[in-house]
Peer 1: 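First the structure, then my questions, so here it is.
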Amino acid sequence: MKYVIKNGSVVFCDGVKRCDILVEDGKIARLAENIDADCEVLDAEGLHVFPGLIDMHVHLREPGFEGKEDIASGSRAAVAGGFTQVCCMPNTNPVCDNAVVVTYIKYRAEQVGLCKVHPIGSITKGEKGDELAEIGKMAEAGAVAISDDGRSVMDSKIMRLAMEYAHGFNLKCLCHCEDENLVDGGVVNEGLNSTITGLKGSIRAAEDIMIAREIALSESLDIPVHICHVSTYSGVEIIRSAKARGVKVTAESCPHYFWLTDDVITGFNTFTKVNPPIREERDRLAVIEGLKDGTLDCIVTDHAPHSSKDKEVEYSLAAFGISGIETSFSLSYTKLVKEGNFSLSELADRMSAAPARILGLEGGEIREGGVADLTIADLAAKYVIDGEKFLSKGKNTPFNGQEVYGRIAYTIVDGAVKYSAN
Ligand code: DOR
Ligand code: ZN
């Protein structure tokens with residue numbers, strides 16, 4: 001397999017250059033201004049070539065919840081969204097708390113053969129919070145991290161043991177931060193809009209307390225930790241000050257936290273219901289600032305597909321989650337680069353290089369000799385988001401009707417074109 005990607009604007013970590021890319025045997029064989037090789041050409045005139053996007057926080061729902069999504073539909077949605085690698089959370093049925101489920105997910109993803117799928121094992125058996133899962137065996141089977149995502153590990157001693165044990169296998173804990181007692185059944189942000197709607201609120205402190213606890217453990221033990229989907233301005237500040245004194249903490253946030261405020265809940269659209277909840281303008285701006293200055297290392301989707309029966313119920317009963325993998329790139333490009341002050345290199349860092357760094361994955365940059373995982377986008381193309389058109393089984397997006405820029409043209413994994421818009 002050999003071809004040249006010609007005339008594209010290539011997004012490197014230190015800027016954008018017009019440059020041709022020779023792809024050979026799944027690798028980037030050469031980068032040069034003008035490559036005249038005797039082989040096929042992929043014309044990228046007018047397009048931007050990014051390092052393959054990596055989403056380190058998705059829910060693919062298989063095994064067990066295939067009505068919401070499965071590895072095949074989730075992989076199709078991922079490559080349509082420009083993602084070459086995804087890491088899938090363990091809140092499946094059975095929970096991915098042992099090597100057999102890790103092995104099954106990897107096997108199934110290889111059969112599907114679209115994007116690379118890296119399983120995340122659970123921290124505790126059944127994500128129940130009281131007994132450590134088979135962390136070592138899952139590491140050997142290929143899990144890239146551990147997480148009880150969807151909930152916090154409430155017992156601090158269990159969390160400490162998990163961090164120490166996982167560190168021995170070079171795995172990080174990815175922490176969903178919400179104190180369950182303080183959340184107390186809250187479904188939206190606690191504030192003016194929870195009062196107006198009568199929906200039960202969840203206070204920022206519920207998230208912040210757990211962020212602070214994970215940082216305290218990480219600092220005391222000198223073990224790296226990663227904070228999932230940060231939604232509060234105060235959480236961003238806790239992470240910023242921890243980083244300033246050298247704590248090995250990394251963190252992520254999602255497009256819905258830097259696009260939306262809880263004003264959206266007043267329409268009672270259950271597609272706006274997500275965990276942690278969408279908060280206020282102050283939080284939204286802090287998430288953007290955190291992503292800009294690197295306090296928040298990366299953008300993830302928390303792609304959480306749900307079926308219509310999970311969402312077409314009253315707000316307080318609806319499932320938490322947003323189907324996000326097909327809109328993440330255009331939402332991020334539009335808000336952060338087109339309307340904001342991010343460079344394309346910064347966008348590529350937050351959506352590709354940073355997750356690769358955090359989890360030690362191959363890829364994340366465009367360089368000679370590197371893997372040919374590439375995402376080619378038409379940044380001038382404008383379209384209106386319509387969840388009904390998603391390839392994901394989850395049509396649950398709060399962005400229906402939103403006009404955005406940046407359409408994925410090609411997604412290339414190990415040199416093979418796995419998605420093409422036309
Ligand atoms: O909104 C959410 N949905 N947040 C999570 O942490 C879990 C996810 C899910 O699994 O649906
Ligand atoms: Zn979560």
Side-chain angles (χ1 to χ4, degrees), residues 59 68 150 176-180 182-208 228-236 253-291 299-324 326-328 330-332 334-336 339-340 383-390 392 394-404:
H59 298 268
K68 296 175 191 278
H176 178 112
C177 293
E178 283 186 302
D179 181 309
E180 287 180 4
L182 203 44
V183 170
D184 193 27
V187 294
V188 294
N189 176 62
E190 182 176 315
L192 181 62
N193 284 321
S194 63
T195 306
I196 290 171
T197 56
L199 294 169
K200 188 166 168 59
S202 175
I203 194 169
R204 285 187 187 88
E207 182 172 345
D208 299 344
C228 289
H229 39 52
V230 177
S231 74
T232 64
Y233 77 86
S234 31
V236 174
S253 192
C254 318
H256 40 274
Y257 299 119
F258 61 76
W259 262 84
L260 305 175
T261 69
D262 66 353
D263 286 350
V264 294
I265 71 167
T266 57
F268 294 93
N269 177 358
T270 58
F271 290 175
T272 64
K273 184 176 173 184
V274 64
N275 233 345
I278 290 161
R279 303 202 190 259
E280 298 176 28
E281 182 64 1
R282 181 176 185 186
D283 304 282
R284 190 183 76 79
L285 295 174
V287 167
I288 294 177
E289 190 50 43
L291 283 167
I299 299 169
V300 303
T301 62
D302 190 12
H303 177 65
H306 288 291
S307 62
S308 52
K309 80 170 178 18
D310 301 316
K311 284 290 196 181
E312 284 173 12
V313 292
E314 65 182 88
Y315 202 97
S316 56
L317 299 177
F320 289 96
I322 289 171
S323 179
E326 287 167 81
T327 52
S328 183
S330 45
L331 287 171
S332 301
T334 303
K335 187 60 73 187
L336 303 179
E339 294 175 15
Y383 71 99
V384 174
I385 293 173
D386 175 2
E388 286 305 315
K389 294 197 178 134
F390 285 174
S392 167
K395 315 298 181 194
N396 45 306
T397 175
F399 293 104
N400 277 325
Q402 179 65 52
E403 188 176 86
V404 285

Peer 1: Which pair of heavy atoms, one from Arg204 and one from Ser234, lies closest together, and at what distance?
Peer 2: CD-OG, 3.8 Å
Peer 1: Looking at side-chain heavy atoms only, is the closest gap between Asn400 and Asn269 below 4.5 Å?
Peer 2: no
Peer 1: Quiz question: by atom type and distance under 3.5 Å, do the side chains of Ser330 and Tyr383 form a donor-acceptor pair?
Peer 2: yes
Peer 1: Under the criterion side-chain contact (heavy atoms from CB on, under 4.5 Å), I'd like the reasoning laid out for Trp259 against Ile278: C-alpha separation, chi angles, the key distance, then a yes or no.
Peer 2: CA-CA 9 Å; Trp259 262 84; Ile278 290 161; over 6 Å; no
Peer 1: For the NE2 atom of His59 and the CG atom of Asp302, what is their distance to the nearest 0.5 Å?
Peer 2: 4.0 Å
Peer 1: In the structure I gave you, are the side-chain heavy atoms of Phe268 and Glu314 within less than 4.5 Å of one another anywhere?
Peer 2: no
Peer 1: Hey, does Glu289 have a side-chain heavy atom less than 4.5 Å from the side chain of Val236?
Peer 2: no
Peer 1: What distance separates Glu207 CD from Cys228 SG, expressed to the nearest 0.5 Å?
Peer 2: 10.5 Å
Peer 1: I need the Thr334 OG1 to Ile385 CD1 distance, nearest 0.5 Å.
Peer 2: 7.5 Å
Peer 1: By the definition side chain to side chain donor-acceptor pair (under 3.5 Å), identify the one residue from Asn189, Asp208, Asp283 that meets it with Thr232.
Peer 2: Asp208
Peer 1: Would you mind reporting whether Tyr233 and Arg279 have side-chain heavy atoms less than 4.5 Å apart?
Peer 2: no
Peer 1: In Å, rounded to the nearest 0.5 Å, how long is the span from NZ of Lys311 to CG of Asn396?
Peer 2: 5.5 Å
Peer 1: Between Pro305 and Ser392, which heavy-atom pair has the shortest distance, and what is it?
Peer 2: CB-OG, 3.8 Å
Peer 1: Just wondering, do Lys200 and Asp184 contact through their side chains at under 4.5 Å, heavy atoms?
Peer 2: yes
Peer 1: Is a side-chain donor or acceptor of Thr272 paired with a backbone partner of Ile265 at a separation under 3.5 angstrom?
Peer 2: no
Peer 1: Does any non-hydrogen side-chain atom of Val188 lie less than 4.5 Å from one of Tyr315?
Peer 2: yes
Peer 1: Treating Ser332 as the side-chain partner and Ser328 as the backbone partner, does any N or O pair qualify as donor plus acceptor under 3.5 Å?
Peer 2: yes
Peer 1: Taking only residues two or more places apart in sequence or in another chain, which ones pass side chain to side chain donor-acceptor pair (under 3.5 Å) with Lys68?
Peer 2: His306, Asp310
Peer 1: Kindly compute the distance separating NE2 (His229) from OG1 (Thr301), expressed to the nearest 0.5 Å.
Peer 2: 10.5 Å
Peer 1: Determine whether a donor-acceptor pair (N or O, by modelled atom type, separation under 3.5 Å) exists between the side chain of Tyr257 and the backbone of Pro276.
Peer 2: yes
Peer 1: Looking at Gly394, is its backbone amide N or carbonyl O close enough to the side chain of Ser323 to form a donor-acceptor pair, meaning the two atoms are under 3.5 Å apart?
Peer 2: yes
Peer 1: Evaluate the side-chain contact (heavy atoms from CB on, under 4.5 Å) criterion for residues Val183 and Asn275: first the C-alpha distance (whole Å), next the side-chain angles of each, then the deciding distance (0.1 Å), finally the verdict.
Peer 2: CA-CA 10 Å; Val183 170; Asn275 233 345; 5.8 Å; no
Peer 1: For the residue pair Val264 and Phe271, establish whether any side-chain heavy-atom pair is separated by less than 4.5 Å.
Peer 2: no
Peer 1: Give, for atom CD of Glu280 and atom CG of Leu285, the distance between the pair rounded to the nearest 0.5 Å.
Peer 2: 11.5 Å
Peer 1: Of all the heavy-atom pairs spanning Lys395 and Phe390, show the shortest one and how long it is.
Peer 2: NZ-O, 2.8 Å
Peer 1: May I ask you to decide if Phe258's main-chain N or O and Lys335's side chain share a donor-acceptor pair within less than 3.5 Å?
Peer 2: no
Peer 1: So among Val274, Ile322, Thr327, which one has a side chain to side chain contact (heavy atoms under 4.5 Å, CB included) with Pro398?
Peer 2: Ile322
Peer 1: Output yes when a side-chain donor or acceptor of Asn193 lies under 3.5 Å from a complementary backbone atom of Asp262, and no otherwise.
Peer 2: yes
